[in-house]
Novice: 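The structure under discussion is supplied below as structure tokens; questions concerning it will follow.
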Amino acid sequence: MTAQWIDNRKSLMFFSGRSHPELAEEVAKELKVPIGTQVARSFANGESYVRFEDSVRGSDAFVLQSFPAPLNEWLMEQLLMIDALKRGSAKRITAILPFYPYARQDKKHRGREPISARLVADLFKTAGADRIITVDLHADQVQGFFNGPVDHMHARGTLSEYIKQNYSLDDLAVVSPDAGRVRVAEKWADGFGGKPLAFIHKTRDPLVPNQVTSNTVVGDVAGRTCVVLDDMIDTGGTIAGAVRLLHESGAKEVVVAATHGIFSAPAAERLSSCGVKEVIVTNTLPIPAEKRFPGLTVLSIAPLLARTIQEVFENGSVTSLFDGIA
Ligand code: R5P
């Protein structure tokens with residue numbers, strides 16, 4: 001152990017907003033560092049307040065926040081934490097967003113709309129974030145919205161390892177729930193040793209949020225264990241529609257793997273009644289008891305986040321974390 005290493009260790013400071021304390025505790029435990037102490041509260045009119053209890057001067061600060069509802073409040077809290085770190089002379093500030101808020105609004109679908117995902121990136125830059133760590137962005141190009149390094153991590157290793165351990169790969173097919181995610185599904189299919197690929201032709205009404213119609217399955221899924229992949233499950237409409245269609249097309253069973261379990265109502269109801277065998281997600285977002293349902297498995301993203309923080313802090317290689325991922 002060198003003196004240089006000891007000096008570096010001293011400067012890593014890990015902080016968490018109030019949205020997902022369980023995940024913060026897991027990450028801190030993996031890193032073997034304490035969560036920095038702070039005062040955080042909301043005023044009666046909805047304004048947020050934060051203050052760090054200890055000096056942050058010269059620190060390499062990592063600030064974790066998740067984004068369940070009320071998402072805008074948590075976003076503001078994390079921005080205030082970053083502003084306080086900047087004004088408290090932290091040496092480098094990394095915002096950790098296991099789930100990037102507003103990522104689905106990454107382009108103008110119609111005239112006179114905002115590009116909200118870009119605005120979020122600008123807000124983090126303005127607050128003082130030097131870099132961002134995030135997991136499975138809705139679209140890869142969101143990385144480029146932030147003017148600085150973005151470590152875009154993937155939950156594929158965590159999710160696919162679970163599937164390998166719990167399902168036979170013999171008659172497996174990988175299914176994308178829409179045409180936009182076929183490239184991702186292709187990587188999964190390759191990782192499983194070259195499995196057949198299918199996708200669902202899905203349409204949505206641009207005037208009605210979360211309203212989707214699953215039209216038809218493209219590809220042969222008859223007699224197969226179908227693994228449907230998505231970045232997120234919100235109201236469950238996309239997944240429930242896909243599961244029904246796959247069964248109608250002769251699938252033997254349907255398993256779903258998604259990184260972010262938002263589970264806005266009526267997701268729990270839809271997913272419990274659509275005939276899916278298992279829904280596997282990670283804990284990038286908190287999943288309280290009322291959002292859980294039979295057949296739900298939640299895997300921890302904390303080891304991946306902790307390893308990423310470690311690599312960033314030690315100027316190691318974040319890319320190396322993907323080596324050997326099936
Ligand atoms: C869409 O492009 C996304 O990848 C998800 O499939 C979608 O946002 C999930 O929303 P919901 O669960 O409400 O259908």
Novice: Suppose we screen for side chain to side chain donor-acceptor pair (under 3.5 Å). Which residues come up paired with Ser19, at least two apart in sequence or across chains?
Specialist: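 With neighbours one apart ignored, the set is Gln65.
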
Novice: Which residue pairs pass the side chain to side chain donor-acceptor pair (under 3.5 Å) test when at least one of the two sits in residues 240-252, sequence neighbours left out?
Specialist: Asp171-Lys252

Novice: Report the residues that fulfil side-chain contact (heavy atoms from CB on, under 4.5 Å) with Ala302, sequence neighbours left out, ordered by chain and then residue number.
Specialist: Leu23, Glu26, Val27, Ser300

Novice: Mind checking side chain to side chain donor-acceptor pair (under 3.5 Å) for Asp54 and listing every partner two or more places apart, or none if nothing turns up?
Specialist: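 In terms of side chain to side chain donor-acceptor pair (under 3.5 Å), with neighbours along the sequence ignored, Asp54 is linked to Thr37.
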
Novice: Go through the structure and list residues passing salt bridge (Lys or Arg N to Asp or Glu O under 4.0 Å) with Lys277, not counting sequence neighbours.
Specialist: Glu253

Novice: Sequence neighbours left out, what passes side chain to side chain donor-acceptor pair (under 3.5 Å) with Glu113? Give chain and number order.
Specialist: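 Not a single residue meets the side chain to side chain donor-acceptor pair (under 3.5 Å) criterion with Glu113.
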
Novice: So, using salt bridge (Lys or Arg N to Asp or Glu O under 4.0 Å) as the criterion, who are the partners of Glu77 when residues are at least two apart?
Specialist: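 For Glu77 the salt bridge (Lys or Arg N to Asp or Glu O under 4.0 Å) partners, ignoring immediate neighbours, are Arg18.
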
Novice: Quick one: salt bridge (Lys or Arg N to Asp or Glu O under 4.0 Å) partners of Asp136, sequence neighbours excluded?
Specialist: none

Novice: If you look only at pairs with a residue in residues 85-136, which of them pass as a ring-ring contact (aromatic ring centres under 6.0 Å, His included), with sequence neighbours excluded?
Specialist: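 Output for this query lists Phe99-His260.
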
Novice: According to side chain to side chain donor-acceptor pair (under 3.5 Å), who are the partners of Ser116, at least two apart in sequence or on a separate chain?
Specialist: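 Here the qualifying residues are Gln105.
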
Novice: Find out whether the Lys NZ or Arg CZ of Lys164 is both under 6.0 angstrom from the six-membered ring centre of Phe192 and within 45° of the ring's axis.
Specialist: no

Novice: Please set out all donor-acceptor pairs under 3.5 angstrom arising from side-chain atoms of residues 262-270, sequence neighbours excluded.
Specialist:
{"unit_1": "Ser264", "atom_1": "OG", "unit_2": "Asp234", "atom_2": "OD1", "d": "2.5"}
{"unit_1": "Arg270", "atom_1": "NH1", "unit_2": "Thr235", "atom_2": "O", "d": "3.1"}
{"unit_1": "Arg270", "atom_1": "NH1", "unit_2": "Thr235", "atom_2": "OG1", "d": "3.1"}

Novice: Could you give all pairs that pass the ring-ring contact (aromatic ring centres under 6.0 Å, His included) test and reach residues 11-33, with sequence neighbours left out?
Specialist: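 Non-adjacent pairs meeting ring-ring contact (aromatic ring centres under 6.0 Å, His included): Phe15-Phe52.
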
